Amino acid sequence: MTPIRLLLVDDDPLVRAGLAFMMGGADDLEIVGEAADGSEVEELVERTRPDVVLMDIRMPTVDGLAATERLRERKDAPQVVVLTTFHADEQVLRALRAGAAGFVLKDTPPGDILEAVRRVAAGDPVLSPAVTRQLMEHAAGGSGPDTRRTTARTRVAALNDREREVAVAVGQGHSNAEIARELFMSVATVKTHVSRILAKLDLNNRVQIALLTYDAGLLEGDGH
């Protein structure tokens, strides 16, 4: 099995050393590089071709948000997992909107951080629906929620009824298998719908589908 190629980005050398130590022993993972600032990331990604970047959100010159936005504009962009000390933080939400596949807290147990990297490398987001909703509600009072809703609803209108149902189920945090059972279709069909939704709406991952359905007000009747 080809190991997951991981790039570590954090301005604290002790944090990087700790991450390298606790993750370097995993058979299915190879640490291909380290960076101390977001300004170093693009060149390192070009050189080392990581599958996943573990990215600190706060760095002195170029922060993790700006570095994530730049990375996700690349055609062959690696997945990004944001490292943060805050649960509900506007910068984390902006990083997710920019295309990060999830975030982990710096005090997360080592095994859980490793599992998060594995999940993201496999194409799964590492955010529970509750955490996603907490983040979105935390930022709901931010810039132009009404404008954001109108824009989101216009974008969602591009989906057909079945795609919209799948998008809402993704926003509710359901797995492909759960969506398949709910909507009486095969898992393969669910995957096809998710791929079409991502392509139609020009999104990077399931987290962004969840954010868009939330912005459009489609999750408000789900009992949460």
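The first residue of the sequence shown is numbered 1, and numbering continues consecutively from there. All of these numbers come straight from a predicted model, not from anything done at the bench.
- Tracing side-chain contacts under 4.5 Å through hydrophobic residues (I, L, V, M, F, W, Y), one never reaches Val15 starting from Val62; they form parts of separate clusters.
- The line from CG of Leu212 to CG of Leu159 is 8.0 Å long, rounded to the nearest 0.5 Å.
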Give the intermediate values and the outcome of side chain to side chain contact (heavy atoms under 4.5 Å, CB included) for residues Arg162 and Leu183.
CA-CA 9 Å; Arg162 206 53 162 160; Leu183 300 181; 3.9 Å; yes
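- Taking CZ from Arg97 and CG from Leu93, the interatomic distance works out to 4.5 Å, rounded to the nearest 0.5 Å.
- Heavy-atom minimum distance, Ala169 versus Ile179: CB-CG1, 3.6 Å.
- A donor-acceptor pair is defined here as one N or O able to donate and one able to accept, closer than 3.5 Å; such a pair exists between the side chain of Asp37 and the backbone of Thr61.
- Under a 3.5 Å cut-off, the side chain of Asn205 and the backbone N or O of Gly99 do form a donor-acceptor pair.
- Between Arg155 and Asp215, the closest side-chain pair of non-hydrogen atoms is not below 4.5 Å.
- Under a hydrophobic-cluster definition in which Ile, Leu, Val, Met, Phe, Trp and Tyr are linked whenever side-chain heavy atoms come within less than 4.5 Å, directly or via other members, Val80 and Val45 are assigned to the same cluster.
- The minimum heavy-atom distance between Phe103 and Thr84, with the atom names listed, is CD1-CG2, 3.5 Å.
- Every pair passing side-chain hydrogen bond (donor to acceptor under 3.5 Å, both in side chains) that includes a residue from residues 104-113 is listed here, sequence neighbours excluded: Asp10-Lys106, Asp56-Lys106.
- Lys200 approaches Ala158 most closely through the heavy-atom pair NZ-O, 3.4 Å.
- The side-chain heavy atoms of Ile4 and Val120, taken from C-beta on, include no pair separated by under 4.5 Å.
- A donor-acceptor pair is defined here as one N or O able to donate and one able to accept, closer than 3.5 Å; no such pair exists between the side chain of Arg16 and the backbone of Leu8.
- With Ile197 as the fixed residue, the side-chain contact (heavy atoms from CB on, under 4.5 Å) test singles out one of Val156, Thr192, Val166: Val166.
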Take Glu40 and Leu7 through the test side chain to side chain contact (heavy atoms under 4.5 Å, CB included) and record every step on the way to the result.
CA-CA 11 Å; Glu40 303 167 22; Leu7 176 65; over 6 Å; no
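- Under a hydrophobic-cluster definition in which Ile, Leu, Val, Met, Phe, Trp and Tyr are linked whenever side-chain heavy atoms come within less than 4.5 Å, directly or via other members, Ile57 and Met59 are assigned to the same cluster.
- Val190 places none of its side-chain heavy atoms less than 4.5 Å from the side chain of His174.
- Side-chain N or O atoms of Arg72 include one that pairs as donor or acceptor with a backbone N or O of Pro78 at under 3.5 Å.
- Counting heavy atoms from C-beta outward, Asn204 and Leu198 have side chains that stay 4.5 Å or more apart.
- Residues Leu96 and Val82 form no side-chain contact, since every pair of their non-hydrogen atoms from C-beta on lies 4.5 Å or further apart.
- Hydrophobic clustering places Leu83 together with Leu114 (ILVMFWY residues linked when any side-chain heavy atoms are closer than 4.5 Å, directly or through intermediates).
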One pair to check against side chain to side chain contact (heavy atoms under 4.5 Å, CB included): Leu6 and Leu19. What are the steps and the verdict?
CA-CA 11 Å; Leu6 178 68; Leu19 288 168; over 6 Å; no
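- A distance of 9.0 Å separates CG of Leu203 from CG of Leu211, quoted to the nearest 0.5 Å.
- In the displayed structure, Asp202 atom CG is contacted under 6.0 Å by at most 12 heavy atoms of other residues, nucleotides or ligands.
- At a threshold of 4.5 Å between non-hydrogen side-chain atoms, the residues Arg58 and Asp63 do not count as touching.
- Contact detail for Ala152 and Ala216: the closest heavy-atom pair is CB-N, 3.6 Å.
- The neighbour count for Lys191 NZ, taken as heavy atoms of other residues, nucleotides or ligands under 6.0 Å away, does not exceed 12.
- Gln172 contributes atom CD, which lies 14.0 Å from atom OH of Tyr214 (distance to the nearest 0.5 angstrom).
- Scanning for salt bridge (charged side-chain N to carboxylate O under 4.0 Å, His left out) contacts around Glu43 gives Arg47, with sequence neighbours left out.
- Taking all atoms of both residues into account, the shortest heavy-atom contact from Pro110 to Met22 is CB-SD, 3.3 Å.
- Expressed to the nearest 0.5 Å, how far CZ of Arg5 lies from CG of Leu29 amounts to 10.5 Å.
- No side-chain heavy atom of Arg153 sits less than 4.5 Å from a side-chain heavy atom of Leu218.
- Checked by atom type and distance alone, the side chain of Arg49 never pairs as donor or acceptor with a backbone atom of Val32 at under 3.5 Å.
- Between Val170 and Thr213, the closest side-chain pair of non-hydrogen atoms is not below 4.5 Å.
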With side chain to side chain contact (heavy atoms under 4.5 Å, CB included) as the test, would you mind laying out the steps for Val41 and Met55 before giving the verdict?
CA-CA 9 Å; Val41 170; Met55 179 93 75; 4.3 Å; yes
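- The two residues Ala98 and Glu69 have their closest heavy-atom pair at CB-CG, 3.4 Å.
- The CZ atom of Arg74 sits 6.5 Å away from atom CD of Glu42, with the distance rounded to the nearest 0.5 Å.
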